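Written below as structure tokens is the structure these notes are about.
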2 protein chains.
Amino acid sequence: MLAEDDRRQAEALRRYLTAEGHEATVVHDGEEALRAARQQTFDLLLLDVMLPGLDGMQVCRILRQESDVLMLMLTARSSEDDLLRGLDVGADDYMTKPFSPRELVARVRTLLRRVPATARHPPVLRVGRLTVDEPRHTVTAGGVPVDCTAGEFAILAAMIRQPGRVFTRGQLLEHTRGIDRESTGRTIDVHVMNLRRKIEANPRRPRQLLTVYGVGYKLTAGTP
Amino acid sequence: MLAEDDRRQAEALRRYLTAEGHEATVVHDGEEALRAARQQTFDLLLLDVMLPGLDGMQVCRILRQESDVLMLMLTARSSEDDLLRGLDVGADDYMTKPFSPRELVARVRTLLRRVPATARHPPVLRVGRLTVDEPRHTVTAGGVPVDCTAGEFAILAAMIRQPGRVFTRGQLLEHTRGIDRESTGRTIDVHVMNLRRKIEANPRRPRQLLTVYGVGYKLTAGTP
DNA sequence: CCCGGACCTGACAGGATCCTGACGATCGCG
DNA sequence: CGCGATCGTCAGGATCCTGTCAGGTCCGGG
């Protein structure tokens with residue numbers, strides 16, 4: 001995925017990448033980048049630091065908390081602080097404009113070499129009797145298809161990507177709506193309750209979508 | 001492993017790396033680098049391009065055919081071709097001198113993060129027969145899962161990150177509730193007592209969660 | 001324009017957890 | 001060995017957290 005607001009530059013880079021055999025989805029602002037990265041699975045994200053709305057740094061920081069996807073930052077600035085900040089928020093590499101497309105492609109190749117291609121595109125995620133198919137936007141529980149709303153699906157998809165990990169309400173909120181949002185309401189609880197009604201055999205006794213008192217929720221296999 | 005022929009620079013870098021919590025073995029020429037890298041397993045190799053005998057490029061190319069170890073090249077030259085050559089022979093990253101030690105350390109950290117966490121920096125921390133898994137928010141003692149409340153978990157997590165260090169009650173308090181709080185009550189003592197009941201074989205005779213009279217508490221391995 | 005679904009919000013109740021204060025046990029020190 | 005300071009332990013009540021429900025808002029489709 002390439003996030004770059006300058007449409008001409010974006011198009012130029014996309015061509016270089018395509019010529020090298022990569023497939024590139026282009027987005028033009030930070031929120032769009034965040035949404036796309038959460039919805040689909042990319043091999044690598046190219047993030048311009050200067051993006052309208054949410055800048056590349058913020059996108060990187062947020063996504064790094066949620067996944068290990070490879071991220072390469074692009075910036076016009078070249079101060080060392082900027083660079084360090086980029087690496088600190090979790091970028092895997094960093095390039096300063098102007099750079100040669102050849103170098104960009106070389107770095108992309110280097111980054112991708114580390115991750116076996118097969119490991120990059122898990123088709124359907126599964127935990128216990130629960131499956132989530134992100135591209136198709138479908139969910140099954142015990143083989144039975146389940147209808148989920150957008151918000152519910154976003155929560156499930158986020159959690160099933162890191163089974164067992166505890167998510168705070170704030171983190172889960174970021175997945176349903178955009179960032180910000182300081183909601184102190186019962187929003188997430190309500191979604192979780194509705195999810196339990198749909199995926200748990202006995203919603204009063206959850207086996208997979210568990211509460212971690214004082215922290216948040218986590219998704220587990222259910223039957224060790 | 002750091003391969004650098006200039007002894008002064010090598011020593012300076014080694015100190016920076018050590019200060020950051022890394023352990024560094026230093027070698028001074030290419031052949032030595034090759035030998036060391038084949039003999040032991042390193043998390044990452046820092047290779048100066050200018051090495052007597054075998055230069056860094058060659059070392060990198062040779063080792064890359066034998067393993068996937070992370071390699072970061074250091075060079076005085078800054079031509080793009082040189083850089084591309086470095087990435088092409090299989091380096092994972094590339095830095096041009098002069099660079100700031102801070103940047104080096106940041107890049108090292110970034111590279112290390114890419115390696116499957118389970119290999120090097122396991123998400124579960126262990127001290128003696130005790131393990132703490134922060135993302136999953138779980139604790140085991142002697143292999144048996146232990147239920148901890150949020151407060152108890154916060155205390156354990158803080159202590160296991162620096163085994164053996166003594167924590168005052170005030171410091172531990174900061175980990176349970178937010179900051180401030182000047183509680184002078186028995187709060188922490190109660191939590192510690194409850195923890196001992198859960199993780200110690202004999203809570204009256206703590207072996208891991210010890211009291212340091214007049215100071216606070218510390219967590220140790222128990223029986224080495 | 002009306003309608004329905006999805007989402008958010010606020011309120012409430014039932015628990016789980018935490019804090020507090022008191023008391024006795026233990027420790028360090030002279 | 002005696003003393004003050006510190007620590008372990010207990011239980012009750014204050015506090016915080018979550019499940020649940022009933023509106024209210026927003027949005028797109030008919």
Side-chain angles (χ1 to χ4, degrees), chain A residues 35 137 139 146-159 166-200 202-219, chain B residues 137 139 146-159 166-219:
Chain A
R35 213 178 313 122
H137 215 268
V139 174
V146 174
D147 268 343
C148 280
T149 70
E152 290 161 8
F153 186 84
I155 290 178
L156 255 192
M159 296 185 80
V166 179
F167 293 82
T168 67
R169 287 176 175 69
Q171 289 165 343
L172 293 175
L173 250 189
E174 287 183 0
H175 286 272
T176 61
R177 288 282 171 212
I179 54 281
D180 52 292
R181 290 277 176 176
E182 200 47 47
S183 166
T184 162
R186 302 259 66 78
T187 306
I188 292 300
D189 304 60
V190 174
H191 280 153
V192 167
M193 183 183 63
N194 291 332
L195 270 172
R196 281 176 176 158
R197 283 180 177 154
K198 294 175 181 178
I199 67 174
E200 294 278 5
N202 181 356
R204 300 303 188 92
R205 289 282 181 125
R207 319 222 25 148
Q208 294 211 66
L209 188 40
L210 307 180
T211 302
V212 181
Y213 196 95
V215 186
Y217 298 97
K218 70 176 169 181
L219 189 67
Chain B
H137 218 268
V139 174
V146 174
D147 267 344
C148 281
T149 70
E152 291 161 8
F153 186 86
I155 290 177
L156 253 192
M159 297 185 78
V166 181
F167 293 82
T168 67
R169 288 176 174 70
Q171 289 165 342
L172 292 176
L173 251 187
E174 288 181 5
H175 287 274
T176 61
R177 289 263 161 244
I179 41 265
D180 54 292
R181 289 273 179 179
E182 201 46 49
S183 166
T184 161
R186 301 257 67 77
T187 306
I188 293 300
D189 305 59
V190 173
H191 280 149
V192 167
M193 179 185 65
N194 290 331
L195 271 172
R196 282 175 176 158
R197 281 180 179 157
K198 294 176 181 179
I199 66 174
E200 295 278 6
N202 182 355
R204 301 304 188 90
R205 287 286 185 113
R207 318 217 34 141
Q208 294 211 66
L209 188 39
L210 307 180
T211 303
V212 179
Y213 193 92
V215 187
Y217 298 97
K218 71 176 172 180
L219 189 67

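Convention: sequence-line order gives letters A, B, ...; per-chain numbering from 1. Predicted model, so just to flag it, every value in this text is computed and none were measured.
A pairwise comparison of heavy atoms in B/V166 and B/K218 identifies CA-CB, 4.0 Å as the closest pair. Of all heavy-atom pairs between B/I155 and B/I188, the closest is CD1-CD1, 4.1 Å. Residues A/R169 and A/Y217 come closest through the heavy atom pair NH2-OH, 3.1 Å. Listed here is the closest heavy atom pair of A/Y213 and B/A150: O-CB, 3.9 Å.
Contact between the side-chain N/O atoms of A/R205 and the OP1/OP2 oxygens of D/dG19 is not found at any separation under 4.0 Å. Look at B/T211 and you'll find a side-chain N or O under 4.0 angstrom from OP1 or OP2 of D/dG8. Regarding contacts with the backbone of D/dG8, a side-chain N or O of B/Y217 is found under 4.0 angstrom from either OP1 or OP2. In this structure, A/R169 does not reach the D/dC17 phosphate: none of its side-chain N or O atoms is under 4.0 Å from OP1 or OP2.
Residue contacts shown for A/V190 include a base, since a base heavy atom lies under 4.0 Å away.
Within 6.0 Å of atom CG in A/D147, 12 or fewer heavy atoms from other residues, nucleotides or ligands are found, so the atom counts as exposed in its surroundings.
Distance A/N194 CG to C/dC7 P: 9 Å, rounded to the nearest Å. We find that CZ of A/F167 is positioned 16 Å from P of D/dT18, with the value rounded to whole Å. A/L172 has its CG atom 15 Å from the C1' atom of D/dT18, to the nearest Å. As a whole-Å value, the separation of B/D189 CG from C/dG21 P is 14 Å. Counting to the nearest Å, the C1' atom of D/dC7 and the CZ atom of B/R196 are 9 Å from each other. Counting to the nearest Å, the P atom of D/dC17 and the CD1 atom of A/I188 are 16 Å from each other.
Taking the ring-ring contact (aromatic ring centres under 6.0 Å, His included) definition, one finds that A/F153 meets it with A/H137, sequence neighbours left out.
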With B for base contact, S for sugar-phosphate-only contact and - for none (protein heavy atoms under 4.0 Å), nucleotides 12-18 of chain C reads ---BBSS
